[in-house]
Amino acid sequence: MLRILKHPAFARLFAAQVVALAGTGLLTIALGLLAYDLAGPSAGAVLGMAYTIKMVAYVGLSPVLGALAARLPRRSVLITADVIRFGVALFLPFVDSVAQIYVLIFLLQSASALFTPTFQAVIPDILTKEEDYTRALSLSRLAYDLENLLSPALAGVLLLVMSYHGLFVGTAAGFLVSTLLILVTPLPARPPSKERPFRERLTRGAWIYLATPRLRGLLAFNMAAASCVAYVLVNTVVLVRDGYGMGETGLALAMGAFGAGSMAAALTLPRMLERLSDRRVMGNSAVVLAGVTVAHGLWMQSAGVMSWPAFLGLWALTGALYSAILTPSGRLLRRSAHSEDRTAVFTAQFALSHACWLVAYPLAGWSATSGSQALSLMVLGALGLVSALVGYWVWTPAPKEVEHEHPELPEDHPHVKAHGGRRHSHAFVIDDEHQVWPTHG
């Protein structure tokens with residue numbers, strides 16, 4: 001996997017992603033401490049609203065910003081977005097009201113809604129071989145998992161020598177280094193594209209996405225992943241503290257197990273995807289993840305919490321299945337759009353996948369607080385299972401007319417007579433593993 005870091009352009013972009021993620025991780029810790037300073041016991045409500053604003057910016061603004069920037073050089077788009085994020089991070093230490101947090105978070109996440117799909121769409125233009133691009137996707141997944149594991153530790157070390165306001169400076173430094181790395185990286189120019197009005201640029205990515213069976217399946221699998229993992233992200237702290245009676249160390253172990261499972265899957269996926277189709281890996285993982293979530297809820301309803309080692313193992317399995325669903329998605333997007341439409345399709349994926357989280361996050365919180373932890377697991381797992389089955393149903397290979405001949409058959413054979421000669425055509429299905437199946441059986 002590390003072999004692709006020998007590609008100089010990708011290596012710089014990957015380094016830019018890593019330092020930006022490290023800065024974002026510091027921001028998460030610092031924002032929680034700032035919210036507590038300003039709102040005290042109501043800090044949870046403040047953070048909940050901030051994360052809702054983040055999702056609204058991702059879902060509502062990313063298609064608009066992508067359409068506005070569709071004709072601009074990609075380097076300029078990426079640098080502008082990073083500079084905005086850098087400026088917002090520098091302002092955060094001077095915040096003295098909750099309203100200011102909301103405004104600055106909206107600006108920062110709006111810039112991220114422009115940056116991330118553009119960045120993701122550049123990578124397949126740099127790594128043109130699918131096996132290299134698959135390894136890049138796994139490496140990117142590892143970067144996200146390492147950020148989740150290492151950023152809290154880095155923040156803890158920094159807080160020994162500075163106030164949490166210094167973490168915002170670290171966030172700004174991450175965005176600044178990301179900007180400089182992109183500035184010195186040669187990026188391929190946007191492919192030539194047809195001049196289109198703004199309205200068509202705004203909706204084109206979504207139309208392509210929703211008209212493509214494999215991408216409709218991807219959206220359903222995204223919903224399955226969001227449903228089950230929303231429980232992990234929202235309710236693990238409650239389960240660990242109230243169910244197991246453990247403190248911050250227990251929470252760190254639980255989330256570490258989830259991250260370790262995700263990293264293990266990311267390391268094994270490139271070889272797995274050489275043998276199995278994306279549909280099989282993603283679909284099977286979504287079904288198993290949903291089934292495990294429902295089973296966990298049923299166990300908790302009847303027998304209470306499971307043993308602590310079993311719980312950590314379950315969270316590691318959940319992380320592995322989650323990674324197996326998400327990591328191959330870039331391959332599907334790459335195959336499903338011409339290079340001129342790639343940014344629009346990545347933007348559609350960015351908006352639609354976060355719309356899944358916009359549904360799953362509140363459902364995870366509401367079902368646990370209004371019902372119970374067991375009920376929350378069963379509700380979210382059931383939604384995930386329905387979504388996974390829908391994904392299998394809508395992602396069906398399209399039949400193609402293939403011309404072929406049967407020299408081994410005599411002229412009077414019923415099949416030859418029925419199709420007007422040895423050489424004829426009829427519909428076949430070519431699946432993601434390039435196996436050919438006649439639709440007539």
Side-chain angles (χ1 to χ4, degrees), residues 48 51-52 55 59 210 213-240 242-244 254-255 257-258 261-262 265 278-307 310-329 349 352-396:
Y51 290 133
T52 301
M55 290 299 165
V59 174
L210 296 175
R214 67 165 71 97
L215 297 187
R216 292 200 297 268
L218 170 61
L219 180 58
F221 293 150
N222 280 333
M223 187 70 243
S227 300
C228 299
V229 175
Y231 180 89
V232 175
L233 301 180
V234 172
N235 293 321
T236 296
V237 61
V238 179
L239 188 57
V240 167
D242 293 348
Y244 291 96
M255 297 311 296
F258 176 81
S262 180
D278 299 271
R279 180 176 182 265
R280 186 175 301 176
V281 170
M282 299 172 73
N284 290 355
S285 299
V287 170
V288 174
L289 176 59
V292 164
T293 303
V294 171
H296 187 193
L298 292 171
W299 176 282
M300 192 180 296
Q301 183 73 27
S302 61
V305 296
M306 60 182 61
S307 69
F311 172 70
L312 293 181
L314 180 62
W315 252 221
L317 175 62
T318 299
L321 294 169
Y322 176 64
S323 181
I325 297 169
L326 292 194
T327 302
S329 59
Q349 160 69 3
L352 292 170
S353 62
H354 282 94
C356 296
W357 289 100
L358 197 55
V359 172
Y361 275 140
L363 182 59
W366 172 82
S367 58
T369 54
S370 300
S372 65
Q373 296 296 321
L375 176 66
S376 182
L377 282 163
M378 288 186 283
V379 168
L380 292 166
L383 176 58
L385 186 58
V386 170
S387 300
L389 296 176
V390 168
Y392 263 124
W393 177 58
V394 299
W395 184 352
T396 53

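Annotation: side chain of Trp357 is in contact with side chain of Val229 (closest heavy-atom distance under 4.5 Å). Looking only at side-chain heavy atoms (C-beta outward), Leu317 and Leu321 come within less than 4.5 Å of each other. Annotation: side chain of Asn222 is in contact with side chain of Leu326 (closest heavy-atom distance under 4.5 Å). Leu380 places none of its side-chain heavy atoms less than 4.5 Å from the side chain of Cys228. Two residues are said to be in side-chain contact when any heavy atoms from C-beta on lie closer than 4.5 Å; Leu239 and Asn235 fail this criterion. Residues Ser227 and Leu385 fail the side-chain proximity criterion, which asks for heavy atoms closer than 4.5 Å. Counting heavy atoms from C-beta outward, Asp278 and Leu218 have side chains that stay 4.5 Å or more apart.
Although no hydrogens or angles enter the test, the distance criterion places a donor-acceptor pair under 3.5 Å between the side chain of Tyr244 and the main chain of Met306. In this structure, the side chain of Ser323 does not engage the main chain of Gly319 through any donor-acceptor pair within 3.5 Å.
Separating the OG atom in Ser376 from the CG atom in Leu363 is a distance of 7.0 Å, to the nearest 0.5 Å. Separation of atoms CZ (Phe221) and CG (Leu289) is listed at 12.0 Å; rounding is to 0.5 Å. One distance of note links CG of Leu219 with CH2 of Trp395; it measures 12.5 Å at 0.5 Å rounding. Considering CD of Gln301 and CE of Met378, their distance stands at 4.5 Å, rounded to 0.5 Å. In this structure, the separation between CE on Met282 and OG on Ser329 is 6.0 Å, given to the nearest 0.5 Å. Going from atom CE of Met55 over to atom SG of Cys356 covers 10.5 Å, rounded to the nearest 0.5 Å.
Remark: Ser387 pairs with no residue by the side chain to side chain donor-acceptor pair (under 3.5 Å) rule, at least two apart or across chains. Judged as a ring-ring contact (aromatic ring centres under 6.0 Å, His included), and not counting sequence neighbours, the contacts of Trp315 are His296, Phe311. In this structure Tyr392 satisfies the side chain to side chain donor-acceptor pair (under 3.5 Å) test together with Asn284, sequence neighbours excluded. Qualifying ring-ring contact (aromatic ring centres under 6.0 Å, His included) partners for Tyr231, counting only residues two or more places apart in sequence or in other chains: none. Looking at residues two or more places apart in sequence or on another chain, you find no side chain to side chain donor-acceptor pair (under 3.5 Å) involving Thr318. Partners of Trp366 by side chain to side chain donor-acceptor pair (under 3.5 Å), not counting sequence neighbours, listed by chain and number: Ser370.
The two atoms that bring Ala290 and Gly384 nearest to each other are CB-C, 3.5 Å, heavy atoms only. Summarising the geometry of Val294 relative to Ala382, their closest heavy-atom pair is CG2-N, 3.5 Å, with the distance given to 0.1 Å. Closest heavy-atom contact between Ala265 and Ala320: CB-O, 3.3 Å. Among all heavy-atom pairs drawn from Ala224 and Ala388, the shortest one is CB-N, 4.0 Å. The shortest non-hydrogen separation linking Val240 to Ala254 is CG2-CB, 4.1 Å. Taking each heavy atom of Ser367 and Leu375 in turn, the nearest pair found is O-CD2, 4.2 Å.
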